[in-house]
Amino acid sequence: MNILIYAMIGWLIMTIITALGSRFTIGHLLPDISVVIVVFIAIRREIIPVIITATIIGYFEGQQALAPIGLHEMALTICALFVYLTVGNLAGNGPRFFALTCGGIVMLYHLLLYIIINIFGNAVGFSSWVTSILLPSALVTAMLALIVRPLLMFVERKLYAQQHEELSWH
């Protein structure tokens with residue numbers, strides 16, 4: 001059930017960003033909230049919730065992009081697994097580490113999308129020269145990660161409240 005809450009938060013923010021981005025964007029450059037949420041989950045949860053969340057959010061993003069089913073799901077799940085398997089070997093935490101991780105993973109994610117589409121024979125290109133560089137996308141996603149992280153931390157505290165047993169002196 002908690003996975004669905006994160007997926008719905010991702011879908012809602014993704015929809016808002018897409019709506020605002022259709023009016024106020026520079027070179028089709030939008031932050032990627034799906035990567036932010038999947039990285040957040042991959043850093044904090046076990047492997048099964050990470051894969052399920054990545055698949056659900058990838059499906060939502062793929063539907064918004066009118067992409068073939070499975071494309072975004074596969075790329076986002078690979079990124080989630082990469083974060084899950086590597087973040088334990090890194091000595092870092094906090095908002096800057098989270099933002100840096102999100103920025104790096106969004107570049108990997110878009111590179112994977114490009115590679116997967118080309119493997120299956122479809123000619124593909126980037127929407128503009130700004131998005132083909134990948135670094136501006138990483139920067140705006142990292143900034144979004146810094147903004148959204150407190151909201152995700154709040155949701156996590158509400159969903160996973162620590163259970164403390166008290167001693168009974170009766």
Going from [atom1] on [X] to [atom2] on [Y], what distance comes out if it is rounded to the nearest 0.5 angstrom?
X      : Y      : atom1 : atom2 : answer
Leu85  : Ile47  : CG    : CD1   : 6.0 Å
Ile105 : Leu100 : CD1   : CG    : 10.0 Å
Asn2   : Tyr160 : CG    : OH    : 4.0 Å
Ile115 : Leu111 : CD1   : CG    : 4.0 Å
Thr101 : Leu108 : OG1   : CG    : 12.0 Å

>> Suppose the criterion is side chain to side chain donor-acceptor pair (under 3.5 Å): which pairs have a residue in residues 142-156, not counting sequence neighbours?
In response: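 Residue pairs passing side chain to side chain donor-acceptor pair (under 3.5 Å), neighbours aside: Arg44-Glu156, Arg45-Glu156.
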>> Pair Ser137, Met107 - check side-chain contact (heavy atoms from CB on, under 4.5 Å), show working.
In response: CA-CA 7 Å; Ser137 179; Met107 289 192 294; over 6 Å; no
>> Once side chain to side chain contact (heavy atoms under 4.5 Å, CB included) is applied, do any residues pair with Ile147, and if so which ones, sequence neighbours excluded?
In response: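 Side chain to side chain contact (heavy atoms under 4.5 Å, CB included) list for Ile147, sorted by chain: empty.
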>> Under 4.5 Å between side-chain heavy atoms, counting indirect links through other Ile/Leu/Val/Met/Phe/Trp/Tyr residues: same cluster for Ile33 and Leu146 or not?
In response: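 Hydrophobic grouping puts Ile33 apart from Leu146.
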>> Do Val155 and Ile56 sit in one hydrophobic cluster, given that two such residues count as connected whenever their side-chain heavy atoms are within less than 4.5 Å of each other, even indirectly?
In response: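 Looking at the clustering, Ile56 is in the same group as Val155.
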Using every non-hydrogen atom in the two residues, find where [X] and [Y] come nearest and quote the distance to one decimal.
X      : Y      : answer
Ile43  : Val83  : CG1-CG1, 4.1 Å
Ala80  : Ala42  : O-CB, 3.8 Å
Cys102 : Thr141 : O-CG2, 4.2 Å
Ala138 : Val106 : CA-CG1, 3.4 Å

Listed pairs under 3.5 Å, donor-acceptor, residues 48-55 side chains, sequence neighbours left out:
{"unit_1": "Thr53", "atom_1": "OG1", "unit_2": "Pro49", "atom_2": "O", "d": "2.7"}
{"unit_1": "Thr55", "atom_1": "OG1", "unit_2": "Ile51", "atom_2": "O", "d": "2.8"}

> Val87 versus Val39: any side-chain heavy-atom pair under 4.5 Å?
Replying inline: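 The answer is no; the side chains never approach within 4.5 Å.
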> Does Tyr6 reach the side chain of Leu159, with side-chain heavy atoms less than 4.5 Å apart?
Replying inline: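 A side-chain contact under 4.5 Å exists here.
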> Can you list the steps and then say if Cys79 with Leu112 is a side-chain contact (heavy atoms from CB on, under 4.5 Å)?
Replying inline: CA-CA 9 Å; Cys79 289; Leu112 282 171; 3.7 Å; yes
>> Restricting to side chain to side chain donor-acceptor pair (under 3.5 Å), what partner residues turn up for Arg96, sequence neighbours left out?
In response: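 Counting only residues at least two positions away or on another chain, Arg96 forms no side chain to side chain donor-acceptor pair (under 3.5 Å).
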Quick one: side chains of residues 7-17, donor-acceptor pairs under 3.5 Å with protein atoms, not counting sequence neighbours, listed by atom name and distance.
{"unit_1": "Thr15", "atom_1": "OG1", "unit_2": "Trp11", "atom_2": "O", "d": "2.7"}

In a table with atom names and distances, give each donor-acceptor pair under 3.5 Å that connects a side chain of residues 57-75 to protein atoms at least two apart or in another chain.
{"unit_1": "Glu61", "atom_1": "OE1", "unit_2": "Ser34", "atom_2": "OG", "d": "2.2"}
{"unit_1": "His72", "atom_1": "ND1", "unit_2": "Tyr109", "atom_2": "OH", "d": "2.6"}
{"unit_1": "Glu73", "atom_1": "OE1", "unit_2": "Gly70", "atom_2": "N", "d": "2.9"}

